[in-house]
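Have a look at the structure below, then the notes.
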Amino acid sequence: FLFRDRPALRVSSEDVNLLTSGFMQVHGTAKTIWSKYRGLRWFMFSLLWSPEAGAGVVQSIAVTFFTVVMRFSGLDIAKTSLVLQAGNIAGSFFSKVAVAKVNPLNSYRMALLLVAVSVGTGALYLDGPEKRDSVFGFAAWWGFAMGWTYPSQRVLLCTLIPKGQETEMMGLFLFTGQILGWLPPLIFTIMNESGVDLRWGLGLIAFFCTLAVICTLPMGSYQEAVGSAARESNAQRERALAAASLPGSKPTPSE
């Protein structure tokens, strides 16, 4: 009721219907990202390996580790989760400072490296129930690192996406981050069933985060990535305006 009229962002020819236009748009956007947005393309590759499912992926592995290796009870795991969430809040506030100081790309890289180092250190140190009191310190460290990672990640995304396609890009962002969300738990399960020390399984998180950092290296500098996205976005907008002025083109109802 409160929405006001606004001009269309996209136009489509008369031979395209609503059933297929969305799929065609996403397909075209994916091709454009691959060919013209180098920074955004490698950022998407990084998302494949980052723990984008968040505490869901990390906790699914950590809960098994705490139960089997550290002999935690359900109450102990609940306490650890609260400490993890408290660390998340602190890390989120710190992310605001880091993004302003070192730019979103470097902040994202540093946060992922902190996740890798903290989880890797925990996997090496936590080797039995006699060190159970140290778990809460590591949980705070892990939570801080993840709380730093996700705000930096989203700020970076917002500065790299083409203007006028924010909703579409957010959908691709969520989709890309979930594509391999099942892989770390699957590998962890296979290792567990094969009798491999669960500390190696916990270290998987560090491996995937390090791989995510490596995937950001071809992005180049942050300023270059943002500048390239802005130039291509402006060019795309001009092409859309030119197409809107052609006869036989009209906006679809969804636009």
Side-chain angles (χ1 to χ4, degrees), residues 43-92 108-150 152-153 173-217:
F43 176 65
M44 293 294 184
F45 274 114
S46 174
L47 290 177
L48 291 174
W49 309 108
S50 64
E52 179 51 33
V57 167
V58 176
Q59 287 185 355
S60 65
I61 294 176
V63 167
T64 304
F65 176 82
F66 292 151
T67 303
V68 176
V69 177
M70 308 306 295
R71 299 289 190 268
F72 266 28
S73 65
L75 180 59
D76 292 330
I77 292 175
K79 292 178 181 178
T80 305
S81 297
L82 289 175
V83 173
L84 187 72
Q85 296 303 323
N88 265 315
I89 296 173
S92 297
Y108 176 55
R109 289 168 174 165
M110 293 166 63
L112 280 176
L113 285 176
L114 183 60
V115 174
V117 171
S118 62
V119 174
T121 303
L124 292 174
Y125 181 78
L126 300 173
D127 56 1
E130 63 277 3
K131 296 179 180 178
R132 57 187 292 127
D133 291 338
S134 301
V135 169
F136 299 105
F138 277 102
W141 192 7
W142 299 345
F144 179 87
M146 288 189 292
W148 179 7
T149 299
Y150 295 113
S152 301
Q153 184 187 72
F173 165 76
L174 296 174
F175 172 72
T176 305
Q178 298 294 335
I179 290 176
L180 296 180
W182 51 270
L183 187 57
L186 175 62
I187 298 177
F188 178 80
T189 301
I190 294 173
M191 295 173 69
N192 183 30
E193 294 297 323
S194 301
V196 178
D197 191 335
L198 288 187
R199 291 191 297 164
W200 288 103
L202 184 63
L204 278 174
I205 300 172
F207 170 76
F208 280 107
C209 288
T210 303
L211 190 56
V213 174
I214 294 174
C215 287
T216 65
L217 297 181

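All values below come from the heavy atoms of this structure, side chains included, with hydrogens, waters and symmetry mates left out. Because the structure is predicted, anything quoted here is derived from the model rather than measured.
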Please table the atom pairs, donor to acceptor, closer than 3.5 Å between any side-chain atom in residues 111-126 and protein atoms at least two apart or in another chain.
| from | atom 1 | to | atom 2 | distance (Å) |
| --- | --- | --- | --- | --- |
| Ser118 | OG | Leu114 | O | 2.8 |
| Ser118 | OG | Val115 | O | 3.0 |
| Thr121 | OG1 | Val117 | O | 2.7 |

Using the side-chain contact (heavy atoms from CB on, under 4.5 Å) rule, take Thr189 and Glu193 through it: C-alpha gap first, then chi angles, then the decisive distance, then the call. CA-CA 6 Å; Thr189 301; Glu193 294 297 323; 4.3 Å; yes
With sequence neighbours excluded, residues passing side-chain hydrogen bond (donor to acceptor under 3.5 Å, both in side chains) with Thr216: Arg109
Atom CE in Met146, atom SG in Cys209: separation rounded to 0.5 Å? 9.0 Å
side-chain hydrogen bond (donor to acceptor under 3.5 Å, both in side chains) partners of Ser152, counting only residues at least two apart: Ser95, Ser107
Taking side-chain hydrogen bond (donor to acceptor under 3.5 Å, both in side chains) as the definition, give me every residue that meets it alongside Ser73, ordered by chain and number, with sequence neighbours left out. Asp76
Rounded to the nearest 0.5 Å, how far does CG of Leu48 lie from CZ of Phe208? 11.0 Å
Is there any salt bridge (charged side-chain N to carboxylate O under 4.0 Å, His left out) pair reaching into residues 116-130, and which pairs are they, with sequence neighbours excluded? Asp127-Lys131
Within this structure, what is the CH2-CG distance for the pair Trp142 and Leu202, rounded to the nearest 0.5 Å? 5.0 Å
Would the number of heavy atoms belonging to other residues, nucleotides or ligands and lying under 6.0 Å from CZ of Phe136 be above 12? yes
Return the minimal non-hydrogen interatomic distance between Ile61 and Gly201, and the atom names on each side. CG2-O, 4.1 Å
With Ser81 via side-chain contact (heavy atoms from CB on, under 4.5 Å) - residues at least two apart: Gln59, Ile77
Can you name the side-chain contact (heavy atoms from CB on, under 4.5 Å) partners of Leu82, sequence neighbours left out? none
A side-chain contact here means heavy atoms from C-beta on lying under 4.5 Å apart; do Trp49 and Thr210 qualify? no
Kindly assign one of parallel, tilted or perpendicular to the pair Tyr108 and Phe43, based on the angle between their ring planes and the thresholds 30° and 60°. perpendicular
Could you work out, with ring-ring contact (aromatic ring centres under 6.0 Å, His included) as the rule, every residue matching Phe72, not counting sequence neighbours? Phe66
Passes side-chain contact (heavy atoms from CB on, under 4.5 Å), Leu180 versus Trp182? Steps please. CA-CA 5 Å; Leu180 296 180; Trp182 51 270; 4.0 Å; yes
Tell me which pairs pass salt bridge (charged side-chain N to carboxylate O under 4.0 Å, His left out) where either residue lies in residues 178-191, with sequence neighbours left out. none
So, taking the atom named CD1 in Ile179 and the one named CG in Leu174, what distance separates them when rounded to the nearest 0.5 Å? 11.5 Å
Can you tell me how far apart CH2 (Trp148) and CD (Gln153) are? Round to the nearest 0.5 Å. 14.0 Å
Would you indicate whether the side-chain heavy atoms of Met191 and Ile187 approach each other to under 4.5 Å? yes
Positive for side chain to side chain contact (heavy atoms under 4.5 Å, CB included) with Phe188, one of Ile205, Leu198, Leu183: Leu198
Sequence neighbours excluded, which residues qualify as side-chain contact (heavy atoms from CB on, under 4.5 Å) partners of Ile89? Phe93
